Amino acid sequence: TAELAWTPAWDRADGDERARTLFAATFGDAPDGVWSAPGRVNLIGEHTDYNGGLALPIALPHRTYAAVRRRGDDVVRLVSAQEPSGVREVRLADAVPGAVEGWAAYVVGVAWALREAGHDVGGFDVAIDSCVPFGAGLSSSAALEASVAVALDALFAAGLAGDVVDGAATDDAGRSTLAGLCVRAENEMAGAPTGGMDQAASLRARADHALLLDCRDGRVRHVPFDLAAHGLALLVVDTRAPHSHVDGEYAQRRAACERAAGLLGVGTLREVADDPRGSADALERLAAADDGAVLVRRVRHVVDEIARVSAFVERLDAGDVTGVGPVMDASHASLRDDYEVSCRELDVAVDAARAAGALGARMTGGGFGGSAIALVPAGAVEDVASAVAAAFAAADLRAPAFAVAVAAPPAG
Ligand code: ADP
Ligand code: MG
């Protein structure tokens with residue numbers, strides 16, 4: 001059998017050293033410091049964040065490292081080991097939405113959003129290196145924003161990020177604000193209409209816990225999540241599927257939810273989810289619209305998915321970790337059939353993982369490619385990964401990459 005491709009997380013000292021080395025080679029001298037932030041996997045609660053719903057991500061041990069040095073002017077110079085195009089240079093005075101192209105928008109966007117919020121952020125040099133896979137649904141974009149956000153918070157004394165002690169952030173309220181600024185950077189500067197779960201996970205998650213995020217009011221609860229203690233592991237399958245329509249499809253799903261909410265006279269679909277008696281009635285009313293058949297499926301996914309997050313957390317709270325498997329399976333079916341955001345690669349990954357003994361499996365992230373997750377007995381990780389790789393080969397798909405996810409510390 002062919003070798004499996006694993007994407008290991010760097011240890012912190014290694015990531016730190018890589019960013020420092022790139023900084024020194026690019027800008028000469030040493031940075032003021034290195035900050036880092038994790039990617040994430042969402043355990044359940046997909047396409048719920050922009051509907052005011054619930055989500056349950058964990059931070060990954062895979063992190064983006066930013067070596068940063070404060071400057072005395074308003075110039076930002078940036079370089080990334082993942083972007084071979086060399087050093088970019090942007091003046092903060094010119095950095096307005098639409099004016100910064102490509103990956104620099106995520107970095108400059110964070111400085112812009114902090115300035116918009118009244119913080120006195122000036123120019124800086126930054127060198128980025130990362131082991132978070134790009135565009136794999138594991139949120140390399142939020143990891144990039146959050147690594148820069150905690151760096152600028154420290155260097156320009158914004159006072160929002162606090163510290164991380166024993167894998168937990170000391171100032172969650174400040175980080176909630178910082179996450180909101182990262183969302184502004186991504187939405188307004190990078191032009192990606194993402195909903196906020198990714199930034200919350202990267203900045204507010206806690207080691208050994210899943211982050212129950214209520215996107216209606218931004219409140220969180222840390223739910224103990226230690227799979228190893230239950231003899232289990234979470235296998236991540238990066239399908240490496242090309243997903244060229246992802247932004248347009250994502251925007252269409254958001255628009256459908258907004259249209260449904262408008263027709264129902266509610267602010268967000270969360271209100272429908274919170275009223276189980278009214279939700280059957282709401283679906284019936286939507287069915288009468290021109291695009292009723294589609295709207296019913298979209299809303300049914302959102303309403304059911306929010307309920308599944310609660311069911312998942314109830315089982316974790318009860319110590320019934322294997323009991324979350326069927327909830328994951330139901331989430332995948334709903335994303336595939338009602339929300340229509342899965343794709344062949346994700347379905348092959350999920351089906352093959354289950355057939356090889358996974359207790360549950362689902363796509364994670366926005367869909368149309370990206371990654372799937374499977375809950376597997378700890379001793380079966382290699383076997384399940386091999387079975388998934390074999391299924392991809394048999395289906396003539398590009399070989400997937402694998403990682404093992406544990407709930408890791410937040411940005412710091
Ligand atoms: P995901 O967040 O799922 O990985 P996105 O499309 O949201 O996928 O974000 C990927 C984009 O974020 C990249 O195309 C790039 O512009 C930017 N990005 C993420 N990580 C890095 C990095 N290490 N260096 C440079 N740009 C990055
Ligand atoms: Mg992203």
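Since this is a predicted model, take the numbers as computed values, not measurements.
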Salt-bridge test for [X] and [Y]: reply yes if a basic N is under 4.0 Å from a carboxylate O, no otherwise.
| X | Y | answer |
| --- | --- | --- |
| R12 | D16 | no |
| E83 | R88 | no |
| D214 | R219 | no |
| D351 | R354 | yes |
| D291 | R298 | no |

> Nearest heavy-atom pair of R259 and A289: which atoms, and what distance?
Replying inline: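 So the two residues come closest at NH2-CB, 4.1 Å.
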> Taking all atoms of both residues into account, what is the closest heavy-atom pair of A67 and A19, and its distance?
Replying inline: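 Scanning both residues, the minimum pair turns out to be CB-O, 3.5 Å.
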Using modelled atom types only, decide if a donor and an acceptor are shared between the side chain of [X] and the backbone of [Y] within a distance under 3.5 Å.
| X | Y | answer |
| --- | --- | --- |
| S334 | S331 | no |
| D74 | G123 | no |
| D129 | R18 | no |
| E305 | G45 | yes |
| R344 | A395 | yes |

> Which side-chain hydrogen bond (donor to acceptor under 3.5 Å, both in side chains) pairs, counting each pair once, include a residue from residues 154-181, with sequence neighbours left out?
Replying inline: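 Output for this query lists D172-R204.
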> Is the number of heavy atoms from other residues, nucleotides or ligands under 6.0 Å of D120 CG greater than 12?
Replying inline: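 Count not over threshold, so no.
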>> With a sphere of 6.0 Å drawn around CG of D290, does it hold more than 12 non-hydrogen atoms of other residues, nucleotides or ligands?
In response: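 Counting other residues, nucleotides and ligands, CG of D290 stays at 12 neighbours or fewer.
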>> Can you list everything that forms a ring-ring contact (aromatic ring centres under 6.0 Å, His included) with F402? Sequence neighbours excluded, please.
In response: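 ring-ring contact (aromatic ring centres under 6.0 Å, His included) check on F402 returns W6.
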> Got a sec, which residues hit ring-ring contact (aromatic ring centres under 6.0 Å, His included) with F23, two or more places apart in sequence or on another chain?
Replying inline: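 Expected list: F27.
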When you compare the side chain of [Y] with that of [X], does any pair of heavy atoms fall below 4.5 Å?
| X | Y | result |
| --- | --- | --- |
| V236 | V404 | no |
| L152 | H119 | no |
| W112 | V100 | no |
| F392 | V348 | yes |
| V299 | D338 | no |
| E46 | M197 | yes |

>> What I want to check is whether the side chains of D337 and H301 have a donor and an acceptor closer together than 3.5 Å.
In response: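 No donor-acceptor contact under 3.5 Å links the two side chains.
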Rounded to the nearest 0.5 Å, how far does [atom2] of [Y] lie from [atom1] of [X]?
| X | Y | atom1 | atom2 | result |
| --- | --- | --- | --- | --- |
| C215 | Y50 | SG | OH | 11.5 Å |
| W103 | L78 | CH2 | CG | 4.5 Å |
| L43 | L227 | CG | CG | 8.0 Å |
| R240 | S371 | CZ | OG | 11.0 Å |

>> Testing V350, V237, T364 one by one against I373 for a side chain to side chain contact (heavy atoms under 4.5 Å, CB included), which residue passes?
In response: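 The passing option is T364.
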> In terms of ring plane angle, is the pair Y339 and H47 parallel, tilted or perpendicular, where the classes change at 30° and 60°?
Replying inline: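 Taking H47 first and then Y339, their aromatic rings sit tilted (interplane angle of 30° to 60°).
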>> Under 6.0 Å between ring centres: does that hold for F225 and F312?
In response: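 Between F225 and F312, the centre distance exceeds or equals 6.0 Å.
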